[in-house]
Each structure stands twice: as structure tokens, then as C-alpha cells.
Asker: 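Structure provided below as C-alpha cells; questions to follow.
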There are 2 protein chains.
Amino acid sequence: MTTDIGDQLGEAGRSGLRARKKLATREALSRAALRLALERGLQNVRVDDIAAEAGVSPRTYNNYFSSREEAICFLSVQRAQRIGAALRARPPEEPLAEAIGHAMAEEYAGRSEPDKVTMRMFISEPALRGEYLKGLTAVEGPLAEAIAARTGTDPERDLFPRVLAAAVTSAARTATRHYLRTETTAPFAAVVRDAIELIAPAARAHEGRRA
Amino acid sequence: MTTDIGDQLGEAGRSGLRARKKLATREALSRAALRLALERGLQNVRVDDIAAEAGVSPRTYNNYFSSREEAICFLSVQRAQRIGAALRARPPEEPLAEAIGHAMAEEYAGRSEPDKVTMRMFISEPALRGEYLKGLTAVEGPLAEAIAARTGTDPERDLFPRVLAAAVTSAARTATRHYLRTETTAPFAAVVRDAIELIAPAARAHEGRRA
DNA sequence: CCGGAAGTTGCGCGACACGCATAATTTCGT
DNA sequence: ACGAAATTATGCGTGTCGCGCAACTTCCGG
């Protein structure tokens, strides 16, 4: 078993029962870690508790995650990466902002709004914020590819795709912080859309320059 | 003694000898930590080594930093925060991109280019990347204020200042990654400027909307 | 159905963050 | 300039933690 971060999503990629069980265990561990952290606070969560909650040995827990933070954030990172993948799957003709909206709607379809308490913890707890930010940057790669596919630019040579991708994830992060303000009642997707719209002129300007 | 993160820069702010010694110790510890990490690799740096290198007891080291990563990144975070402060000190009439250029030139005046090996370590080592990203987001606050001062918008109500601030720091981060590519020979400040220029249209669009 | 691969578990070690108590040092009022 | 108060440095002990190692168990392919 490897804890290779790159395999975390591709766990169900190839073989059958084995990989599925692995992913299930990882998700169970992450769910347990998040639940306990929300219940009793990050400080009062022992590794053994997480393992027990997920029904595995503490040693096995450490085979999947090398820190509580990683365990707690995994589900959210997974969700962000799903959005990134969904985005890359949208037709390249579709405008970026619209594609992002669809990708998010796809992810949050049916389900409720994202949990504010969880997000608040991710941001306020210093130990989690680092992992949270790392997770966000992990989406920038796929996002840059999606952007490159739309603009026809090469991410290796031209700065634009990666810069815009980073700007978009940053906008999403900023939107999240704004969404968490108690006065805000607008749905999450709408706030994100507004934030992204603020940097959309950069994308349009680049299109114009390219044409 | 507190390790309050908010006091890290303001250590020399008020009182005299006491605060200055404190800051000196903190910087010495950070320098030692960074130097050792570069020499023998992050894995082979014990806390005791850092403390010994800085001439303090291991316990004292832990009074200043609660993790190796924090210690290693402190100097860089400090530098980023200085740039943020310098930016906020620029005249509000000055265009944002230009002000950023001046603030960076002010920081890197005389000194050499930033160390590529160090930056590469910050990005490649997962343990450091989280702290590195946290440091970058810490600059977003001052940056947002500088932007708000230029646009006259209120960061509490309007998304724009914070979104643009986050986009700018993201652009700087992306520029850093591009700067680290072996083929790149352009000076750091130039790459950063190019990256920021790519998102500048968003700022101009907002100005236009406001006018 | 069997042999090897992959996953799980228990044990133990090295390291680390931090609370607490004590000594050393700086600051400040007079 | 001197002594009390506040701040800081240090030593020690404790509770965790991450992970290497070596069995043991489960799963997959032929």
C-alpha cells in the first residue's frame, strides 16, 4: 500500500474490489476524522479515535494518511478535484465562466449547500489551512488545462493559462470567505460565480489579444 | 513570550532592546533552519540542530516556532509582508501594477535575485508548501487594503479588492513557478510583472465600471 | 485451487510540541 | 541607580505522533 498522493483519486481507476475497498477505507477515515474534529474540536481528536471510528487499526490509518490534517481535508480536496475533472470534461467551446458554473452545479446537484462550519474550521485552524490551500492549488493543474484547451495556448510556454487558473481558484477561495460571513445569504455557487466574474475581463482581454 | 503570529513582524514595533533581541533570535533561528534544510535536506534536520545553530536551547526554539516548517519559512514570509507593507505605503494615485513593481524593487534593491534552490524546496517539499501558501495568503490582507485605497471600495462589502488581491498573489506564485524553470533567464521581478499584467485587465474593467 | 501480490496489524523507536517550574534578564518607577 | 515586577530562557517530564519492520491475512490471476 502506498500513500502516494497522486493515487488518491485514481484508486478506483484500475482493478476491482481491491481498489474500491481501499478508496472506501480512505473515505471512511476522512469522514471519521472530519466528524470528530467538528464534534470535539481539532485539538481533542486522537489518531486512535479516528481509526476506531473507521474500524481499522491505528497503524492502518497511518498507511492512508500521514497527518490528521490530511485525513480531515481529503474529502474536500476530492470534491475540488471532481469539480476540476468535470470542468475539463466540458466542451471547449463553452465559455470558461459558464463551464465552471456547470461543473459546480454538477457536483452540488441534489446535495445541499457546503457546510459552513466545516469551511470555517478549515480556514480558522492554522493546521488545516495549509492542507486546505494545498488542496486548492492541486486543482490549478486541471483548470489550467481546461483554460489552455479553450485558448489554444501552451501552459508550458505561455503564462496565461496557469495565471488565470490560479486566479480562478483564488477567486473561489475568496468567495468562500465571503460566503462564510454571517450576513451573506446568497447560495455558494452564486457567490463563486460573482467572484469569478470579477476576473473574467482578464480572460476576455487575452482572447482579444489572441484574435 | 508568545508565538502569536500577528506579532512576528511588529516585534520591533514598540519597545526597545527586548523586542529587538526577540526578533533577532527569531531571525537567527529561521536562518539556521533554512540553512540546514538546504544543506542536508528537510528530512535530516533535527530541532536540536536548529537550536544549537542559533545558540539557544531547544526549548526556546519551540517558544518561537511550533514547527520546523514555520521556522524555515519565516524569513520568506517576512519578506513577502515587507513587500505588502511597502505597497500599502505607495501613493494611492499610482496605478496598482506600477506600485507593485516599485514595492518589489524596493525590497530587492541591491540584493541579488531570490534563491531558486530555496524556492524550489518550498514548492516541492509538501511539508513546506502548506506553510509557504499560508504565508502568501497573509499578504492578501494588506494588498486588498492597497487596492481598496485605489478604487475607493469597501473590502467588507465589495468582493473586488479581496478577489483582485488574491489574484495578484496567485499570479506572483505562478510567476515564481515559471521563474524556476531552468530555461527561464528573465529576472524575477520581470516575470512577476508579466504575470500580474495578465490579470490587470480585471482591475481596469472594474475601474471602468465604477466611473 | 494455489502461489504470489497487496493490504492489515502489532510493536517499538526516534522525534516532537508543549505545560510547568525555575533561573536569568530586562524594564520601569522612584 | 536600585530593587520590584514583568518578560524571557531553560530543563524536565508527558502525551502524541509518524513510520520502519516483520509477521499475518486477504485478494487476485492463472
Side-chain angles (χ1 to χ4, degrees), chain A residues 1-5 7-8 10-29 33 36-37 40-72 74 125-128 130-131, chain B residues 1-5 7-8 10-29 32-33 36-37 40-72 125-128 130-131:
Chain A
M1 149 154 344
T2 62
T3 311
D4 184 354
I5 196 170
D7 291 346
Q8 286 180 351
E11 230 151 33
R14 216 29 181 157
S15 54
L17 193 152
R18 215 159 184 115
R20 246 174 311 153
K21 262 199 169 181
K22 215 168 137 182
L23 180 59
T25 303
R26 178 164 274 138
E27 291 179 346
L29 279 167
L36 291 177
R40 31 176 120 160
L42 183 60
Q43 297 287 352
N44 309 332
V45 179
R46 310 285 120 230
V47 165
D48 300 29
D49 304 334
I50 303 176
E53 184 89 1
V56 297
S57 81
R59 184 63 184 85
T60 296
Y61 153 84
N62 256 316
N63 283 340
Y64 283 93
F65 299 108
S66 55
S67 72
R68 277 192 305 281
E69 298 76 35
E70 200 181 334
I72 294 177
F74 171 70
E125 291 282 348
L128 290 180
E131 203 65 30
Chain B
M1 155 160 336
T2 62
T3 311
D4 184 353
I5 196 170
D7 292 346
Q8 287 179 353
E11 232 150 29
R14 212 41 178 145
S15 55
L17 193 153
R18 218 170 183 104
R20 246 174 310 154
K21 260 198 169 181
K22 213 169 138 184
L23 180 59
T25 304
R26 177 165 275 140
E27 290 179 347
L29 280 167
L36 291 177
R40 33 176 116 161
L42 183 61
Q43 297 286 352
N44 308 333
V45 180
R46 310 287 117 228
V47 165
D48 300 24
D49 304 334
I50 303 176
E53 185 88 2
V56 297
S57 81
R59 185 62 183 87
T60 297
Y61 153 83
N62 256 312
N63 283 339
Y64 283 93
F65 299 108
S66 55
S67 72
R68 276 194 305 284
E69 299 75 33
E70 200 180 335
I72 295 177
E125 291 281 348
L128 291 181
E131 204 65 29

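Just so it is clear, the structure is predicted and the values come from calculations on it, not from any experiment. Throughout, protein chains are lettered first and strands after them, A, B, ... in sequence-line order, and every chain is numbered starting at 1.
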Asker: Over how many whole Å does the gap from A:Asp48 atom CG to C:dT9 atom P extend?
Answerer: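 Distance check: A:Asp48 CG to C:dT9 P gives 13 Å.
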Asker: Take the C1' atoms of the five end pairs on each side of the helix from C:dC1-D:dG30 to C:dT30-D:dA1, derive the two axes, and give their angle rounded to 10 degrees.
Answerer: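 Inter-axis angle at the termini of the helix from C:dC1-D:dG30 to C:dT30-D:dA1: 40°.
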Asker: C:dA15 P sits how many Å from B:Phe65 CZ, rounded?
Answerer: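 Going from CZ in B:Phe65 over to P in C:dA15 covers 21 Å.
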Asker: For B:Glu69 and C:dC16, what is the distance between atoms CD and C1' respectively, to the nearest whole Å?
Answerer: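 Atom CD in B:Glu69 sits about 11 Å away from atom C1' in C:dC16.
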Asker: Strictly below 4.0 Å: does B:Ser66 bring a side-chain N or O up to OP1 or OP2 of C:dA17?
Answerer: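 No.
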Asker: Using side-chain contact (heavy atoms from CB on, under 4.5 Å) as the criterion, point out the one residue from B:Leu29, B:Leu42, B:Leu36 that pairs with B:Ile72.
Answerer: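 Passing option: B:Leu42.
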Asker: How close or far is atom P of C:dA15 from atom CG of B:Leu42, stated in whole angstroms?
Answerer: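 Whole-Å distance recorded here is 14 Å.
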Asker: Tell me, do A:Phe65 and A:Arg26 make a side-chain contact under 4.5 Å, heavy atoms counted?
Answerer: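 Heavy-atom side-chain distance check passes, below 4.5 Å.
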Asker: Output the single nucleotide from D:dT10, C:dC16, D:dT16 whose closest atom is nearest the side chain of A:Arg46.
Answerer: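 Closest nucleotide to the A:Arg46 side chain: D:dT16.
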Asker: For residues B:Glu131 and B:Glu69, report the shortest heavy-atom separation together with the two atoms involved.
Answerer: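 Here B:Glu131 and B:Glu69 meet closest at CG-O, 3.8 Å.
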Asker: Can you give me the N/O atom pairs linking the protein to nucleotides 19-22 of chain C at distances under 3.5 Å, or say none if there are none?
Answerer:
unit_1	atom_1	unit_2	atom_2	d
C:dG19	N7	B:Arg59	NH2	2.8
C:dG19	O6	B:Arg59	NE	2.4
C:dG19	O6	B:Arg59	NH2	3.4
C:dC20	N4	B:Arg59	NH2	3.3

Asker: What integer distance in Å separates B:Asn44:CG from C:dC16:C1'?
Answerer: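 Roughly 16 Å, once rounded to whole Å.
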Asker: CD1 of A:Ile50 versus P of D:dT16: gap in Å, rounded?
Answerer: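 Value for this atom pair: 13 Å.
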Asker: Please check the phosphate of D:dT8 (OP1 and OP2 only) for any side-chain N or O of B:Lys22 closer than 4.0 Å.
Answerer: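 True: B:Lys22 side-chain N/O within range (under 4.0 Å) of D:dT8 OP1/OP2.
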Asker: Would you kindly compare B:Val45 and A:Val56 by the position of their nearest DNA chain C nucleotide and give the one closer to the 5′ end?
Answerer: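 In this pair, the answer is A:Val56.
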Asker: So if I take every side-chain heavy atom of B:Asn62 and compare against C:dC18, C:dT9, D:dG18, which nucleotide ends up nearest?
Answerer: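 Among C:dC18, C:dT9, D:dG18, the one nearest the side chain of B:Asn62 is C:dC18.
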Asker: Examine distances only and state if a side-chain atom of A:Asp49 and a backbone atom of A:Arg46 form a donor-acceptor pair shorter than 3.5 Å.
Answerer: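 Yes; judged by distance alone, with no hydrogens or angles, the pair exists.
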Asker: If you compare all heavy atoms of B:Val45 against all heavy atoms of B:Arg68, which two are closest, and at what distance to 0.1 Å?
Answerer: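 Scanning both residues completely, I find the closest heavy atoms to be O-CD, 3.3 Å.
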Asker: What is the separation between atom CZ on A:Arg68 and atom P on D:dC19, rounded to the nearest whole Å?
Answerer: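 Roughly 13 Å, once rounded to whole Å.
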Asker: So if I take every side-chain heavy atom of A:Tyr64 and compare against D:dA9, C:dT8, C:dT9, which nucleotide ends up nearest?
Answerer: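 Selected nucleotide (nearest to the side chain): C:dT8.
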Asker: Any side-chain heavy atom of B:Glu27 within less than 4.5 Å of one from B:Tyr64?
Answerer: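 No. Closest side-chain heavy atoms not under 4.5 Å.
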Asker: From the list C:dG10, D:dG18, C:dA17, which nucleotide is the closest neighbour of the side chain of A:Tyr61?
Answerer: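 When the side chain of A:Tyr61 is considered, D:dG18 is the closest of C:dG10, D:dG18, C:dA17.
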Asker: Kindly compute the distance separating NZ (B:Lys22) from OG1 (B:Thr25), expressed to the nearest 0.5 Å.
Answerer: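 Here the interatomic distance stands at 10.0 Å.
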Asker: Side chain of B:Ser67, heavy atoms from C-beta onward: which of C:dG10, D:dG18, C:dA17 has the nearest atom to it?
Answerer: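 Of all the options, the side chain of B:Ser67 is nearest to C:dA17.
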Asker: Please write out each protein N/O paired with an N/O of nucleotides 23-27 of chain D under 3.5 Å, distance rounded to 0.1 Å.
Answerer:
unit_1	atom_1	unit_2	atom_2	d
D:dC27	OP1	A:Lys21	NZ	3.1
D:dC27	O4'	A:Arg18	NH1	3.1
D:dC27	O2	A:Arg18	NH1	3.3

Asker: Can you name the nearest heavy-atom pair linking A:Val56 to A:Tyr61, along with the distance?
Answerer: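 Looking at all heavy atoms of both residues, the closest pair is CG2-N, 4.3 Å.
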Asker: If you look at every heavy atom in B:Ala71 and B:Ala33, which pair is closest and at what distance?
Answerer: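 Smallest heavy-atom distance, with atoms named: CB-CB, 4.0 Å.
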Asker: So, is B:Ser57 near the phosphate of D:dA9, with a side-chain N or O under 4.0 Å from OP1 or OP2?
Answerer: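 Result: no.
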